[in-house]
Q: 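Can you read through this structure? Questions will come right after.
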There are 2 protein chains.
Amino acid sequence: MRVVSWNVNGLRSAHGKGFLPWLSGARAQVVALQEVRARADQLPNEVRTPPRWKTHFSSAERPGYSGVGLFSRDEPDAVETRLGIPEMDVEGRLQLARFGKLTVANVYFPNGNGKDRDLSRIPFKLSFYRRLFAELEKPLRDGGRVLVVGDFNTAHQDIDLARPRENRETSGFRPEEREELDRWLRAGWVDSFRHFHKGGGHYSWWSQRFGVREKNIGWRIDYVLASPGAMAYVKRAAIHPDVSGSDHCPVSVDLDSAVR
Amino acid sequence: MRVVSWNVNGLRSAHGKGFLPWLSGARAQVVALQEVRARADQLPNEVRTPPRWKTHFSSAERPGYSGVGLFSRDEPDAVETRLGIPEMDVEGRLQLARFGKLTVANVYFPNGNGKDRDLSRIPFKLSFYRRLFAELEKPLRDGGRVLVVGDFNTAHQDIDLARPRENRETSGFRPEEREELDRWLRAGWVDSFRHFHKGGGHYSWWSQRFGVREKNIGWRIDYVLASPGAMAYVKRAAIHPDVSGSDHCPVSVDLDSAVR
DNA sequence: CATTAAACG
DNA sequence: CGTTAAATG
């Protein structure tokens with residue numbers, strides 16, 4: 001079974017660029033979207049409830065901002081959207097969906113840039129990382145089968161962005177942000193794409209300014225992290241840079257269907 | 001000589017819809033624009049200073065809001081943009097340009113609708129009408145040659161809008177607003193278009209909602225008012241409903257060139 | 001219903 | 001540089 005994650009940068013916009021044909025052809029069991037930027041009731045019916053898909057949305061209180069959505073072939077056994085911290089929960093950043101023995105966490109981690117193009121949102125971003133880490137500590141320890149998929153808004157290592165030197169101080173590649181990812185991996189979470197692909201040049205996000213995507217000057221900030229219990233079933237991980245419609249591209253894993 | 005007035009609803013937008021070709025073909029000596037909605041430095045060069053035109057702009061402090069512009073074949077002898085009332089002067093609503101013996105006042109009268117789609121801006125609108133009226137009282141009494149052109153944001157009489165009954169309470173056709181126009185005409189100003197055309201069905205603005213322009217359900221709210229001294233030279237007045245590019249269309253007068 | 005700017009990424 | 005929403009008309 002395939003699990004796909006995609007930051008669509010506005011599902012209504014992506015819809016106008018062929019989201020539904022892409023969805024049909026993705027051969028996925030579960031599709032996790034970030035930056036939906038709409039409440040469910042603002043979406044056209046054909047996107048809110050496409051035939052043969054079950055859908056769930058968690059939107060931010062603030063209109064047009066953040067928001068995650070989950071499309072799955074089967075109805076999940078349960079979906080939880082809260083971390084219990086109101087400041088985080090009002091931003092529509094999380095869906096914890098259980099499919100039998102497999103849990104998929106669809107996460108849109110906060111961007112570190114603040115109002116005045118400063119770094120003022122980094123503390124909130126780091127808190128969010130820590131709060132979710134704590135939430136998933138128990139299933140991880142218990143050998144649970146968990147995938148954490150989404151836009152982490154952080155490139156982990158030099159190999160994960162085209163211009164590491166120039167971005168040491170940029171939010172998304174600062175030491176304190178990378179350290180949060182380090183903590184996850186030290187605890188046992190596996191960066192599934194990196195597990196299978198040791199080389200660089202694979203990115204999931206490109207700035208919209210200039211024509212930088214053509215030159216593949218990007219960042220790998222969208223991940224599928226797998227708990228060891230889930231990783232045992234991961235056969236393959238991929239990035240799909242040819243899929244357009246957003247400034248991010250989809251990332252995916254293929255799992256042995258016995259994982260559920 | 002022809003003097004034209006047009007509320008362009010964003011000169012940058014109108015530019016993208018063929019403003020310059022229209023300007024070339026307008027056979028005008030003076031073109032007065034309202035709702036330029038840009039500072040001069042935000043305009044592309046070809047619009048800010050087209051070959052063979054002299055241009056002047058007065059913009060609002062608030063970005064993207066209001067603003068008037070004057071295009072003339074000859075450089076005006078003087079251009080004044082202030083009424084002396086700061087609340088009015090910061091909104092870029094007036095250019096008083098002198099061409100020899102002829103004065104052209106390019107005016108964007110305030111809209112009466114306020115923040116919450118209420119009528120809260122009507123007092124400001126009426127004050128503006130009165131302040132400008134007072135400003136032009138002396139030249140009028142002295143037999144001066146003055147044209148007041150622009151978007152008055154008021155339909156004068158039943159004949160000046162397609163749906164008078166339905167709009168008695170709507171800003172733009174309320175008694176207190178129509179009364180301001182009455183005052184101007186009583187004082188001797190002549191509604192040049194109405195002087196030559198006694199019939200109805202001639203409008204200069206149509207709502208953008210629905211397909212109402214096609215059905216000619218509009219309002220005549222753009223005028224060329226002439227002082228008696230100027231009216232003696234007005235040979236003809238016209239409305240140009242076929243000109244697209246804005247929710248308003250241009251209005252014009254042709255004058256004997258001896259008026260200057 | 002269309003224009004523009006602002007916030008955010 | 002693109003998406004969305006808010007203000008204004």
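The chains referred to below are lettered A, B, ... by the order of the sequence lines, with proteins before strands, and numbering in each begins at 1.
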Q: Side chains of Y108(B) and V36(B), heavy atoms from C-beta outward: is any pair under 4.5 Å?
A: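 Sidechains of V36(B) and Y108(B): no contact.
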Q: Could you give the distance from CD (E180(B)) to OG1 (T154(B)), rounded to the nearest 0.5 Å?
A: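 With rounding to 0.5 Å, CD (E180(B)) is 8.5 Å from OG1 (T154(B)).
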Q: What is the distance, rounded to the nearest whole Å, between atom NZ of K215(B) and atom P of dC1(C)?
A: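 After rounding, the gap between these two atoms is 11 Å.
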Q: Write down the distance between CD (E214(B)) and P (dC1(C)), rounded to a whole number of angstrom.
A: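 Taking CD of E214(B) and P of dC1(C), I get 12 Å after rounding.
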Q: For DNA chain C, please output the secondary structure as dot-bracket, reading 5' to 3'. Pairs are Watson-Crick or G-U wobble, both atom distances under 3.5 Å; mark crossing pairs with [ ], other-strand partners with |, unpaired with a dot.
A: ||||.||||
Q: By the definition salt bridge (charged side-chain N to carboxylate O under 4.0 Å, His left out), identify the one residue from E87(A), E91(A), E177(A) that meets it with R121(A).
A: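 Of all the options given, the one that passes is E91(A).
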Q: Would you mind reporting whether R39(A) and F57(A) have side-chain heavy atoms less than 4.5 Å apart?
A: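 When only atoms from C-beta onward are counted, R39(A) and F57(A) do not touch, as no gap falls below 4.5 Å.
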Q: What class does the angle between the rings of W184(A) and Y129(A) fall in, given that below 30° is parallel, 30 to 60° is tilted and above 60° is perpendicular?
A: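 Because their plane-to-plane angle is over 60°, the rings of W184(A) and Y129(A) count as perpendicular.
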Q: In terms of relative ring orientation, are Y223(A) and F152(A) parallel, tilted or perpendicular, with 30° and 60° separating the classes?
A: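 Judged by the thresholds at 30° and 60°, the geometry between Y223(A) and F152(A) is perpendicular.
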Q: Minimum heavy-atom separation for S171(A) and N113(A), please, with both atom names.
A: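 So the minimum-distance heavy-atom pair works out to CB-OD1, 3.7 Å.
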Q: Heavy atoms under 4.0 Å is the rule here; annotate nucleotides 3-9 of chain D 5' to 3' with B where the base is hit, S where only the sugar-phosphate is, and - elsewhere.
A: BSSSSBB
Q: Does the side chain of W219(B) come under 3.5 Å of the side chain of D160(B) through a donor N or O and an acceptor N or O?
A: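 Side chains of W219(B) and D160(B): no pair found under 3.5 Å.
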